[in-house]
Enquirer: 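Handing you this structure, nothing more for now.
Note on naming: letters A, B, ... go to the chains in the order of the sequence lines (proteins, then strands), and numbering restarts at 1 for each one.
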Amino acid sequence: MANVSSLIDSITSCVSIFKCRLLHCKVVKNVSYRHGFIGDQLVGLYLRLGHEVCAEKLFDEMPERDLVSWNSLISGYSKRGYLGKCFEALSRMMRSEMCFRPNEVTFLSIISACVYGRSREEGQCVHGLVMKSGVLDEEVKVVNALINWYGKTGDLTSSCKLFEDSSVKNLVSWNTMILIHLLNGLAEEGLAYFSMSRRIGNTLDQAAFLAVLRVCEGIGVVKLAQGIHGLILLSGFNANKCIATGLLDLYAKLGRLEDSSTVFLEIKCPDSLAWTAMLAAYATHGYGKDAIKHFELMVHYGISPDHVTFTHLLSACSHAGLVEEGKHYFETMSKRYGIEPRLDHYSCMVDLMGRSGFLQEAYRLIKEMPMEASSGVWGALLGACRVYGNTQLGVKAAERLFELEPCDGRNYIMLSNIYSASGQWKDASRTRNLMKQKGLVRGKGCSYIEHGNKIHKFVVGDWSHPESEKIQKKLKEIRKKMKNELGYKSRTEFVLHDVDEDVKEEMINQHSEKIAMAFGLLMISQIETIIIRKNLRICGDCHETAKAISLIEKRRLVIRDSKRFHHFSQGSCSCRDYW
DNA sequence: TGGAGTGGGC
């Protein structure tokens with residue numbers, strides 16, 4: 001039996017198909033499939049390694065198959081995301097000679113596959129089977145899995161009903177409720193579940209804190225994040241690496257890079273994920289050189305970078321215009337670290353070369369990629385074509401994107417803007433009409449700024465805020481100062497509509513980020529940084545205005561747009577006008 | 001009984 005137990009250990013830790021086959025031979029030679037249920041484990045291993053044909057062959061060859069054997073097969077399919085195969089196996093299992101009925105483990109695996117596949121009909125069918133089986137009253141894990149599945153497919157009403165009706169709730173149920181509300185855009189409700197979970201006396205665990213940190217990001221209020229940080233300290237969870245990593249990531253996403261760095265420095269022996277999170281923070285904030293230094297230090301301390309580390313490192317190089325460095329790391333990632341570039345890395349490289357004006361080189365890389373280019377890769381090329389006014393290549397990228405993402409309006413807008421920028425107004429209007437015909441609408445630009453424990457939202461030309469008169473007065477004052485002190489002229493080339501120059505100027509002066517900046521100047525004390533979030537990318541004129549404000553008003557501003565952070569101080573931006 | 005197993009850091 002010692003032999004079998006060591007074989008089981010080898011199966012558990014096996015990561016190569018070669019070793020797996022060797023182990024399979026050993027089992028065939030020395031023991032039977034039923035010894036220590038080793039056959040079931042081999043089936044699981046083959047599936048884990050992605051060799052489902054071998055798994056199925058072995059499964060059919062096994063002399064005896066009990067419920068656990070079937071569950072091993074179903075669970076293996078589920079982990080690979082093969083929803084159809086899960087159902088096929090379930091049906092075969094129920095029709096088999098022994099007529100096995102699914103138990104809670106079968107349901108958990110199948111529901112997992114439904115979550116992965118975001119599949120509505122199949123999930124409902126499983127819910128029906130679960131109800132029929134009667135496990136719902138006693139198996140909290142199955143209840144939680146169903147709550148999660150309903151939430152992930154957008155049916156919060158059913159999630160809440162299951163949660164309310166269940167008599168077997170546990171901490172996982174509460175944590176799931178927090179997360180699914182957040183995922184459905186209801187961060188405030190997620191926070192309410194977190195508070196209730198505390199109030200009823202649940203002892204919060206790592207997952208609870210990780211969930212609430214994500215909720216904080218969704219709500220976007222720094223004071224709330226600081227409150228949760230306090231709670232983490234009080235609960236003694238600050239020594240937990242996962243939570244500390246989540247916290248540093250949160251501060252970075254809220255524009256507080258210095259706080260991220262403080263949290264990172266307090267982590268004892270940070271692991272690869274913590275190092276990577278800090279690297280990601282430098283990357284999105286545009287501090288390319290700091291990101292590289294951080295990466296070199298990470299390697300120096302013997303921490304192995306993974307494919308995510310390289311995504312952020314390449315993105316840092318791209319955002320900071322460090323072309324040579326980016327190319328160097330793209331090469332070394334496979335040569336020195338044995339990490340083969342994935343789609344994300346190619347997106348970063350196309351972005352890096354495209355932003356620097358090497359459009360043809362970027363296009364060549366796409367053609368030479370060993371895998372099919374994704375929308376991210378083509379999107380990076382399209383963005384670069386927009387910056388450098390390359391209509392011809394832009395059309396090629398856009399056409400591919402229309403195939404890959406037919407329902408994403410941003411690609412149509414981008415192409416239309418490329419046409420507008422080169423004065424091809426007819427083509428621009430044709431593209432916008434095409435977008436309308438498809439029923440796609442353009443997302444409205446809005447900017448958010450925190451003040452007095454509240455997030456204030458502004459849209460273009462917004463007069464809805466009670467302080468609007470003061471805000472507009474401040475905006476006028478800034479414009480006057482910019483004109484008189486810096487000789488600034490509105491960058492109306494950023495208005496891509498075929499209208500008169502004065503109309504263009506009026507449009508650009510009312511952008512949501514400008515209104516938010518004026519509000520920040522009025523409401524936020526001189527010593528504080530003005531932090532603004534924008535859902536779309538910042539426009540060129542607003543970027544210039546933020547630089548001017550930082551100089552004239554002697555203020556520090558941070559603007560997070562849909563892609564990255566911009567830190568404005570003393571008349572310049574951390575992106576060095578390169579974004 | 002066991003071997004299969006809900007939420008959860010970059």
Enquirer: B:dC10 C1' sits how many Å from A:His294 NE2, rounded?
Expert: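 Taking atom C1' of B:dC10 as the reference, NE2 of A:His294 is at 10 Å.
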Enquirer: Check whether any side-chain nitrogen or oxygen of A:Asn148 sits under 4.0 Å from OP1 or OP2 of B:dG7, and answer yes or no.
Expert: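 The answer is yes; a side-chain N or O of A:Asn148 sits under 4.0 Å from OP1 or OP2.
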Enquirer: Expressed in angstrom and rounded to an integer, what is the separation of A:Tyr46 atom OH from B:dG3 atom C1'?
Expert: 18 Å
Enquirer: What is the distance, rounded to the nearest whole Å, between atom CG of A:Leu73 and atom C1' of B:dG3?
Expert: 14 Å
Enquirer: Give a yes-or-no answer on whether the side chains of A:Arg95 and A:Ser91 include a donor-acceptor pair shorter than 3.5 Å.
Expert: yes
Enquirer: Can you tell me which nucleotide in B:dC10, B:dG7, B:dG5 comes closest to the side chain of A:Val105?
Expert: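 Ranking B:dC10, B:dG7, B:dG5 by closest atom to the A:Val105 side chain puts B:dG5 first.
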Enquirer: Check the side chains of A:Ser574 and A:His566 for a donor-acceptor pair under 3.5 angstrom, ignoring hydrogens and angles.
Expert: no
Enquirer: Go through B:dA4, B:dG3, B:dT6 for me and flag the one nearest to the A:Asn170 side chain.
Expert: B:dT6
Enquirer: Report yes or no: do A:Arg101 and A:Ser133 form a side-chain donor-acceptor pair below 3.5 Å?
Expert: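 The criterion, which ignores hydrogens and geometry beyond distance, is not satisfied for A:Ser133 and A:Arg101.
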Enquirer: Return the value, rounded to whole Å, for the distance between atom CG of A:Leu67 and atom P of B:dT1.
Expert: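 Between P of B:dT1 and CG of A:Leu67: 13 Å.
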Enquirer: Whole angstrom is fine here: how far is it from NZ in A:Lys141 over to P in B:dA4?
Expert: 12 Å
Enquirer: On the side chain of A:Asn71, is there an atom forming a donor-acceptor pair with the base of B:dG5 - under 3.5 Å, no angle test?
Expert: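 Answer no: no donor N or O sits under 3.5 Å from an acceptor.
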Enquirer: Donor-acceptor pair under 3.5 Å: do we get one between A:Thr245's side chain and the base of B:dG9?
Expert: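 In this structure, the two groups form a donor-acceptor pair.
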Enquirer: Is a donor-acceptor pair below 3.5 Å formed from side chain A:Asp205 to base B:dG7, judging by atom type as modelled?
Expert: yes
Enquirer: Looking at A:Asp155 and A:Lys161, is there a salt bridge between them, counting it only when a charged N and a carboxylate O are closer than 4.0 Å?
Expert: no
Enquirer: Where the side chain of A:Leu108 is defined as all heavy atoms beyond and including C-beta, which of B:dG7, B:dG5, B:dC10 is the nearest nucleotide?
Expert: B:dG5
Enquirer: Regarding A:Thr176, tell me which of base, sugar-phosphate or nothing describes its non-hydrogen contacts under 4.0 Å with the strands shown.
Expert: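 The answer is sugar-phosphate, as A:Thr176 gets under 4.0 Å only of primed atoms, P, OP1 or OP2.
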Enquirer: OG/A:Ser158 to CH2/A:Trp149 distance, rounded to the nearest 0.5 angstrom?
Expert: 7.5 Å
Enquirer: Quick one: is A:Lys152 getting a side-chain N or O under 4.0 Å of the B:dG7 phosphate, OP1 or OP2?
Expert: no
Enquirer: Going by heavy atoms closer than 4.0 Å, what residues in residues 207-242 of chain A are next to DNA chain B?
Expert: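 Heavy-atom contacts with DNA chain B come from A:Ala207, A:Leu210, A:Arg214, A:Lys241, A:Cys242.
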Enquirer: For the pair made of CG in A:Leu204 and P in B:dG7, what is the distance, rounded to whole Å?
Expert: 19 Å
Enquirer: Whole angstroms only, please: what is the OH-P distance between A:Tyr116 and B:dT6?
Expert: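 Atom-to-atom, A:Tyr116 to B:dT6, this comes out as 16 Å.
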Enquirer: Without hydrogens or angle criteria, can the side chains of A:Asp306 and A:Thr309 be said to hold a donor-acceptor pair below 3.5 Å?
Expert: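 Yes.
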Enquirer: So what does A:Asp40 touch, heavy atoms closer than 4.0 Å: a base, only the sugar-phosphate, or nothing?
Expert: base
Enquirer: Find the distance A:Gln206:CD to B:dG9:P and express it as a whole number of Å.
Expert: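 Nearest whole value for this atom pair: 9 Å.
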Enquirer: Look at all strands and tell whether A:Lys169 reaches a base, only sugar-phosphate, or nothing, counting heavy atoms closer than 4.0 Å.
Expert: nothing
Enquirer: So, A:Arg410 and A:Asp408, do they make that salt bridge, N to O below 4.0 Å?
Expert: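 So A:Arg410 pairs with A:Asp408 through a salt bridge.
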Enquirer: Checking side-chain polar atoms at under 3.5 Å, does A:Thr311 have a donor or acceptor matched by the opposite partner on A:Asp344?
Expert: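 The criterion, which ignores hydrogens and geometry beyond distance, is not satisfied for A:Asp344 and A:Thr311.
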